[in-house]
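As structure tokens, the structure follows; a few thoughts come after it.
Keep in mind it's a predicted model, so treat the numbers as computed, not measured. Just so you know, ligand 1 is whichever comes first in the structure, and atom 1 is the first atom listed for that ligand.
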Amino acid sequence: MPESLKIVMIASEAVPFAKTGGLADVVGTLPKFLQAEGHEVIVVMPKYQSIDYVRWGLNPYLSPLGVWMGNAQEWASVHMTLATGFPVYFIEAHKYFDRPGLYHDAAMNDYQDNPRRFGFLTRAALQLCQDIGFKPDIVHAHDWHTALAAAYLKIWHWNDPALGRAASVLTIHNVGYQGVYPASHVDYLGLQWGNFTPDKFEDHGAINFLKGGTVYADMVTTVSPTYADETRTPALGTGLAPYLNNKGDSYVGILNGVDYNEWNPAVDRLIPAHYSPDDLAGKAADKAELQRRMGLTVDPHVPILGVVSRLVAQKGLDLLAAALDAILSNMAMQFVIVGSGDPELEGYYASLPRRYPGRVGSFIGYHNELAHLIEAGADFFIMPSIYEPCGLNQMYSLKYGTLPIVRATGGLNDTVEQYDEATGAGTGFKFWEPSPAAIYYTVGWAVSTYYDRPTHMAQLIQRAMTRDFSWERSMDGYLAAYRRAIRNKRGG
Ligand code: ADP
Ligand code: GLC
């Protein structure tokens, strides 16, 4: 087995080029750390409209790229950049990716041709490897969008000089999104009707990308150990549990890492004042700036509770909404939120500052700089998720000494240690029941700790800031998964 691995990652988003959630952080960061260990990694993703050629130094690399779909010949151009220190290839196909959104239009309607768009991306990425002579040991697919890579390797490329030896790893960032589409796409996607069976792609008469990918992949991973356990059960497996269980120990949970060059109060370029566990003065300055920016009363002595999130059901922010009036009425505190998504939740959170002037600030939309400022300036960060495969913000929060208040699910459970009021141990506040009442009492517990147990607060902050969730740690998990995938593929 080669010491140094050649890896192609195929994904629908990656920082700093295009991001809607944590998937982008992972795909844009993990390769840097693998490369530093001596592995050769390339990333292939779409050239979306929002990705600027000049800003990112995109250079024409290959044109045309001919991509055979199951029943059609398609064409693309390929651009490349080394802006992140490793090669990122962009598949440019105007009819599929030259649109304002990544997955949906401004009204949040999914693009109807998403199965074709991402099926095409996946085939194009494999074709690109063939055309440029990149012979990967590992094809690493992420989420339903590119899950078909695992199937294509076995259906189409089993005997191919460039791809025949490649083992596939599928990382599931969220079982809640499986990519289920009408069977009419089987031909275009080149899945062959013989494979349209319940043990492979077929799911109640439709095609299920993630299920097919899971079945075909040599190794399947998800993004935290607890979520791996949870998804093996019907409650959180969302229909996939039997197929994940079939993988046996070829399905594992590997905690995401954090890029501490980006998310670290000692070096963060997006916050006004730096700080570290030894000197927290900068955090007070960041708090004052956050209060100014979000229209809050500037007051160093009142705790701020923060949220940065996609506003979707998964995140439990409807439960928080149901608890917030009681929280704001009964507790001396401020609240800030940056997020976008569900129009109803957007409307609710947008209306709060009018109802609680000087005490609540909200920004509806995507705003990376404010996200950093909230991490730095808030005292607490809440994630009441119904489920959370890993979650990155709670790990960012720990590093910024902004104590997480989380529902004990998935990666939130694996990364936050429960505060012990008797000893002062822990790094945050956990609750189990998905209810407004549980949120209310846990926020109350945190706020009372802030006012009544300042020594414990200081200890919690110190401990939180020195916990290590760096990629150096998590990368070993991926290397083990890659080697296991190669063994599974090649036998022995
Ligand atoms: P998910 O991927 O399910 O959205 P994660 O916690 O893994 O959850 O990752 C979310 C990432 O997206 C974090 O880096 C967070 O800061 C960022 N993010 C989410 N919503 C926004 C927003 N409205 N503005 C800026 N950043 C956001
Ligand atoms: C998904 C999950 C989130 C995870 C992220 C990156 O979007 O919802 O919990 O952190 O992927 O793996």
Considering non-hydrogen atoms of the protein only, which is the closest contact for [atom], and what is the distance?
atom: atom 13 (C) of ligand 1; value: Asn393 OD1, 3.3 Å
atom: atom 8 (O) of ligand 2; value: Gln314 NE2, 3.2 Å
atom: atom 4 (O) of ligand 1; value: Arg310 NE, 2.7 Å
atom: atom 7 (O) of ligand 2; value: Arg310 NH2, 4.1 Å
atom: atom 3 (C) of ligand 2; value: Glu388 OE2, 3.3 Å
atom: atom 12 (O) of ligand 2; value: His173 ND1, 2.6 Å
atom: atom 22 (C) of ligand 1; value: Tyr366 CD1, 3.5 Å

Please determine whether side chain to side chain donor-acceptor pair (under 3.5 Å) holds for the pair Thr409 and Glu230, giving the CA-CA distance in whole Å, both sets of side-chain angles, and the decisive distance to 0.1 Å. CA-CA 9 Å; Thr409 181; Glu230 290 171 339; 3.2 Å; yes

Which atoms from ligand 2 have a heavy atom of [X] less than 4.0 Å away?
X: Leu23; answer: 5 (C), 6 (C)
X: Val223; answer: 12 (O)
X: Pro389; answer: 2 (C), 8 (O), 9 (O)
X: Asn174; answer: 8 (O)

Sub-6.0 Å ring centroid separation between [X] and [Y]:
X: Trp445; Y: Phe431; result: no
X: Phe429; Y: Tyr441; result: no
X: Phe90; Y: Phe17; result: yes
X: Tyr177; Y: Trp144; result: no

Any side-chain heavy-atom pair from Leu479 and Leu34 closer than 4.5 angstrom? yes

Do Tyr216 and Ser168 come within less than 4.5 Å of each other through their side chains, counting heavy atoms only? no

Which of the atoms of ligand 1 are close to [X], meaning less than 4.0 Å from one of its heavy atoms?
X: Val308; answer: 16 (O), 18 (N), 21 (C), 26 (N), 27 (C)
X: Tyr396; answer: 14 (O)
X: Leu392; answer: 5 (P), 6 (O), 7 (O), 9 (O)
X: Asp25; answer: 14 (O)
X: Gly22; answer: 1 (P), 2 (O), 7 (O), 9 (O), 10 (C), 11 (C)

Will you find, in the side chains of Ser12 and Asp143, an N or O donor that is under 3.5 Å from an N or O acceptor? no

Without hydrogens or angle criteria, can the side chains of Tyr103 and Glu13 be said to hold a donor-acceptor pair below 3.5 Å? yes

Is the shortest N/O to N/O distance between Thr20 and ligand 1 below 3.5 Å? no

Below 3.5 angstrom, do we get any N/O pair linking Gly365 and ligand 1? yes

Any Lys315 heavy atom less than 4.0 Å from ligand 1: yes

Does ligand 1 have any atom that is closer than 4.0 Å to a heavy atom of Phe363? no

Answer side chain, backbone, both or neither: which part of Asp25 comes under 4.0 Å from ligand 2, heavy atoms only. neither

If you measure from each non-hydrogen atom of [X] to ligand 1, which part falls under 4.0 Å: side chain, backbone, both or neither?
X: His367; value: backbone
X: Ser309; value: backbone
X: Asn256; value: neither
X: Lys19; value: side chain

Would you call the rings of Tyr275 and Tyr400 parallel, tilted or perpendicular, where under 30° means parallel and over 60° means perpendicular? perpendicular

For the residue pair His142 and His140, does the interplanar ring angle fall in the parallel (under 30°), tilted (30 to 60°) or perpendicular (over 60°) class? parallel

Closest to atom 10 (O) of ligand 2 among Gly21, Gly410, Gly391, Ser224 (heavy-atom distance): Gly391

Would Arg116 and Tyr96 count as a cation-pi pair here, with the cationic atom under 6.0 angstrom from the ring centre and within 45° of the axis? no

Think Lys19 forms a cation-pi with Tyr366, using NZ or CZ under 6.0 Å from the six-ring centre and within 45 degrees of its axis? no

Please determine whether a side-chain nitrogen of the Lys or Arg among Asp113 and Arg99 lies less than 4.0 Å from a carboxylate oxygen of the Asp or Glu. yes

Glu417 vs Arg467, test: salt bridge (charged side-chain N to carboxylate O under 4.0 Å, His left out). Steps then yes/no. CA-CA 10 Å; Glu417 299 153 54; Arg467 284 293 180 264; 2.6 Å; yes

